[in-house]
Chemist: 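This is the structure I want to talk about, given as structure tokens.
Numbers restart at 1 for each chain; the letters A, B, ... are given by sequence-line order, proteins then strands. As the structure is a prediction and not an experimental result, all values here were calculated from the model.
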Amino acid sequence: MRRVKIKDILTNQPIGQDVNVKGWVRTFRNNQFIALNDGSTISTLQIVADREKEDESLLKKITTGAAISATGKVVESQGKGQSVEIHANKIEVLGEADPEKYPLQPKRHSLEFLRDIAHLRFRTNTFSAVFRVRHAAAFAIHKFFNDRGFVYLNTPIVTGSDAEGAGEMFQVTTLDLNDVAKDDSGAVDFSQDFFNKATNLTVSGQLEAELGALALSEVYTFGPTFRAENSNTSRHAAEFWMIEPEVAFADIHDNMDLAEAMLKYVIKHVMKQCEDDLTFLEQRLINEEKQKPQNERSDMALKEKMAFVLENDFQRLTYTEAIDILRNSKPNKKKKFKFPIDGWGADLQSEHERFLVEKHFKKPVMLVDYPKEIKAFYMRMNDDNKTVAAMDILFPGIGEIVGGSQREERLDVLTSRMKDFDIPEHEMDWFLDTRRFGTCPHAGFGLGFERFVMFLTGMGNIRDVIPFPRTPGNAEF
RNA sequence: GCCUCUUUAGCUCAGCUGGUUAGAGCGCCGGACUGUUAAUCCGUAGGUCCAAGGUUCAAGUCCUUGAAGAGGCGCCA
């Protein structure tokens, strides 16, 4: 008999039909009631075993975590808590789970403990929900761009470009590290390396995406990104996924419109597709926050927060306006900020961003037009000659989720900016060619996928929204 | 990289100003019950108190160093 997914049975309720289901036992109550989950939905399906007829040795093997196959009739449930159940006439244990050794019990486990057993944590309600939501979000992103005529571009993961300037890179080499090839001057001889040059894992696909956009008009990347930063926070990982759209004939305002539309589209899609997962995750978050002091709890539940973001325009303001607000803010006047705001030009610290997003505006904030000194060389110089057309999107609880800009398309301005940043022109010749031939205004941004999934799931640590997270000192699994 | 906190049973935790034999809930195992909902009830077992040094008559508790984890900051997505 063909296997039916539990989600289908719970949705269609084919009462009277004989079906086969396969999945993993969550609990086995009363030697009779199996709560079975197959990952198709957060809900379990109740399998009723015939205690009289079934072999006792078989019943003994039905333990939490075991994989079973059950065949029987779908009937209306007599008990509370579920509408239908299966009266099994045949149960097969496909894979036993020794209860002495199986680490997952039908009880609450800490996220830290589950992180240590990341290979098994998919079997929990929380993580199965998180990864279904993550999938739905990834799918929605592809659909959003596809429907708008964007081309999905796969930029290189191994890169020979060392001028991306977005942080420390992981080196990629096949040189024998125990006996590194040296040249005459004693330096490492990368001409003997696999690519005949020094290579790294990408920190951003942006520069390559720009090349694509200046021919295909609209492109986006969606791939892994690597940063060898020693960052020890709940929102940084050494390996994470980034979405980087790049649009020709677009300015910073088009860019902001695109980012806002995309974020809202994905939120809407996830709310529709993952209703029951979100309900579970929302409750999980409420329970977790019960242990926190009142003032640290969020004032909106998960779905409420998502709906709120959906229904309201993101707050747009310039860096200069933000500085004014911060300078006149209560915490600044009462010297509550660790880094007081006294003038124009310094980068905002997380405490300032959090004040703007969580206290002042209480919604996502888009900041534009930053001082040129604190932003990257490729961002377009504004007419004031002091600021660049950069934008950051800040989300409550997570901070920076998007960073983007209009790109500097004027060759002379770009090369002079590169000089300021000590970036050698000859290494970026391929990049500059796009400015030499048929250059045009264009813009793009990078969205940290995991940070967005944190918002969508209410999870507070990036390590809990990526299946096998890589962080300093940790590359297990 | 910097600062703070944590580490006690399989899991989640309690263990007071250092003082007899280190506790609870859940899980496991055994039994009872049998339409249960993290089932319930009774019972048993289960500990290198993170590690190494030190102080003390006495250390789970105090000190030093180290390890692992968490939170905050910086870097950023």
Chemist: NA contact type, Pro103(A), heavy-atom cut-off 4.0 Å: base, sugar-phosphate, or nothing?
Modeler: nothing

Chemist: I'd like to know if Arg121(A) and Asp116(A) make a salt bridge, using a cut-off of under 4.0 Å between side-chain N and carboxylate O.
Modeler: no

Chemist: Work out how far the C1' atom of rG27(B) is from that of rU44(B), and round it to whole angstrom.
Modeler: 14 Å

Chemist: For Phe240(A), report the nucleic acid contact type (base, sugar-phosphate, nothing); a contact means any heavy atom under 4.0 Å.
Modeler: base

Chemist: Counting heavy atoms not belonging to Glu76(A), are there more than 12 under 6.0 Å from its CD?
Modeler: no

Chemist: Once the angle between the rings of Phe355(A) and Phe337(A) is folded into 0 to 90°, is it parallel (under 30°), tilted (30 to 60°) or perpendicular (over 60°)?
Modeler: perpendicular

Chemist: May I ask you to say whether Asp464(A) pairs ionically with Arg115(A), meaning some side-chain N is under 4.0 Å from a carboxylate O?
Modeler: yes

Chemist: Nearest heavy atom decides the nucleotide; on that basis, is Phe28(A) or Leu447(A) closer to the 5' end of RNA chain B?
Modeler: Phe28(A)

Chemist: Indicate the atoms forming the closest heavy-atom contact of Gly345(A) with Tyr319(A), along with that distance.
Modeler: N-OH, 2.9 Å

Chemist: Taking the C1' atom in each of rA59(B) and rG74(B), what is the distance between them to the nearest angstrom?
Modeler: 39 Å

Chemist: Once each nucleotide of nucleotides 69-74 of chain B is scored for protein heavy atoms under 4.0 Å, what B/S/- sequence comes out, 5' to 3'?
Modeler: SSSBBB

Chemist: Detail all sub-3.5 Å separations between protein N/O atoms and N/O atoms belonging to nucleotides 36-38 of chain B.
Modeler:
residue : atom : partner   : partner atom : Å
rU36(B) : O4'  : Asn30(A)  : ND2          : 3.3
rU36(B) : O2   : Arg29(A)  : NE           : 2.9
rU36(B) : N3   : Gln46(A)  : OE1          : 2.9
rU36(B) : N3   : Gln46(A)  : NE2          : 3.0
rU36(B) : O4   : Gln46(A)  : NE2          : 2.5
rU36(B) : O4   : Gln82(A)  : NE2          : 3.1
rU37(B) : O4'  : Arg29(A)  : NE           : 3.2
rU37(B) : O2   : Arg29(A)  : NH2          : 3.4
rU37(B) : O2   : Gln82(A)  : OE1          : 3.3
rU37(B) : N3   : Lys80(A)  : O            : 2.5
rU37(B) : N3   : Gln82(A)  : OE1          : 3.2
rU37(B) : N3   : Gln82(A)  : NE2          : 3.3
rU37(B) : O4   : Lys80(A)  : N            : 2.6
rU37(B) : O4   : Lys80(A)  : O            : 2.4
rU37(B) : O4   : Gln82(A)  : NE2          : 3.2
rA38(B) : N1   : Arg108(A) : N            : 3.1
rA38(B) : N3   : Pro106(A) : O            : 2.3
rA38(B) : N3   : Lys107(A) : N            : 3.3

Chemist: Let me see the working for Tyr220(A) and His142(A) under ring-ring contact (aromatic ring centres under 6.0 Å, His included), right down to the final yes or no.
Modeler: CA-CA 9 Å; Tyr220(A) 72 103; His142(A) 282 297; 5.6 Å; yes

Chemist: Counting heavy atoms not belonging to Lys362(A), are there more than 12 under 6.0 Å from its NZ?
Modeler: no

Chemist: With the side chain of Glu229(A) defined as its heavy atoms from C-beta on, choose the nearest nucleotide among rG30(B), rG35(B), rC75(B).
Modeler: rC75(B)

Chemist: Using the P atom in both, what is the distance from rU40(B) to rA77(B), to the nearest Å?
Modeler: 50 Å

Chemist: Using whole Å, what does the distance between atom C1' of nucleotide rA77(B) and atom CE of Met262(A) come to?
Modeler: 12 Å

Chemist: Counting only heavy atoms not in Phe139(A), do more than 12 sit closer than 6.0 Å to its CZ atom?
Modeler: no

Chemist: So for atom NZ, which belongs to Lys7(A), do other residues, nucleotides or ligands contribute more than 12 heavy atoms lying within a distance under 6.0 Å?
Modeler: no

Chemist: Is the centre of the Phe240(A) ring less than 6.0 Å from the centre of the Phe226(A) ring?
Modeler: no

Chemist: What is the distance from CG of Leu104(A) to C1' of rC26(B), rounded to the nearest Å?
Modeler: 14 Å

Chemist: In a check of side chain to side chain donor-acceptor pair (under 3.5 Å) between Asp369(A) and each of Thr387(A), Asn382(A), Thr318(A), which one passes?
Modeler: Asn382(A)

Chemist: Expressed in whole Å, how much space separates the P atoms belonging to rG35(B) and rU8(B)?
Modeler: 41 Å

Chemist: Can you tell me, in whole Å, how much space there is between the P of rU64(B) and that of rU12(B)?
Modeler: 28 Å

Chemist: Would you kindly give the CD-to-C1' distance between Glu96(A) and rC28(B), to the nearest whole Å?
Modeler: 16 Å

Chemist: Round to the nearest Å and state the distance from Phe113(A) atom CZ to rG10(B) atom P.
Modeler: 11 Å

Chemist: Taking only the P atom of each, what is the distance from rC41(B) to rG25(B) in whole angstrom?
Modeler: 11 Å

Chemist: Remember a base hit wins even if backbone is also touched, and classify Ala237(A) as base, sugar-phosphate or nothing at under 4.0 Å, heavy atoms.
Modeler: base

Chemist: Could you tell me how far apart Leu367(A) (CG) and rA77(B) (P) are, to the nearest whole angstrom?
Modeler: 14 Å

Chemist: Using the C1' atom as the point on both nucleotides, what is the distance between rC3(B) and rG43(B), in whole Å?
Modeler: 50 Å

Chemist: Rounded to whole angstrom units, what separation is found between the CD atom of Glu100(A) and the P atom of rA45(B)?
Modeler: 15 Å

Chemist: Would you call Glu92(A) and Lys22(A) a salt bridge, using N to O less than 4.0 angstrom?
Modeler: no

Chemist: Could you state the CD-P distance from Glu353(A) to rC76(B), rounded to the nearest angstrom?
Modeler: 10 Å

Chemist: Relative to each other, are the rings of Phe395(A) and Phe452(A) parallel, tilted or perpendicular (30° and 60° limits)?
Modeler: perpendicular

Chemist: Specify the separation, in whole Å, of atom CZ of Arg451(A) and atom C1' of rC75(B).
Modeler: 10 Å

Chemist: Reading 5' to 3' and counting Watson-Crick or G-U wobble pairs with both distances under 3.5 Å, write the dot-bracket notation for RNA chain B, | for bases paired outside the strand.
Modeler: (((((((..((((.....[...))))..((((.......))))......(((((..]....))))))))))))....

Chemist: Please report the distance separating the P of rC16(B) from the corresponding atom of rC76(B), rounded so that it comes out in whole Å.
Modeler: 45 Å

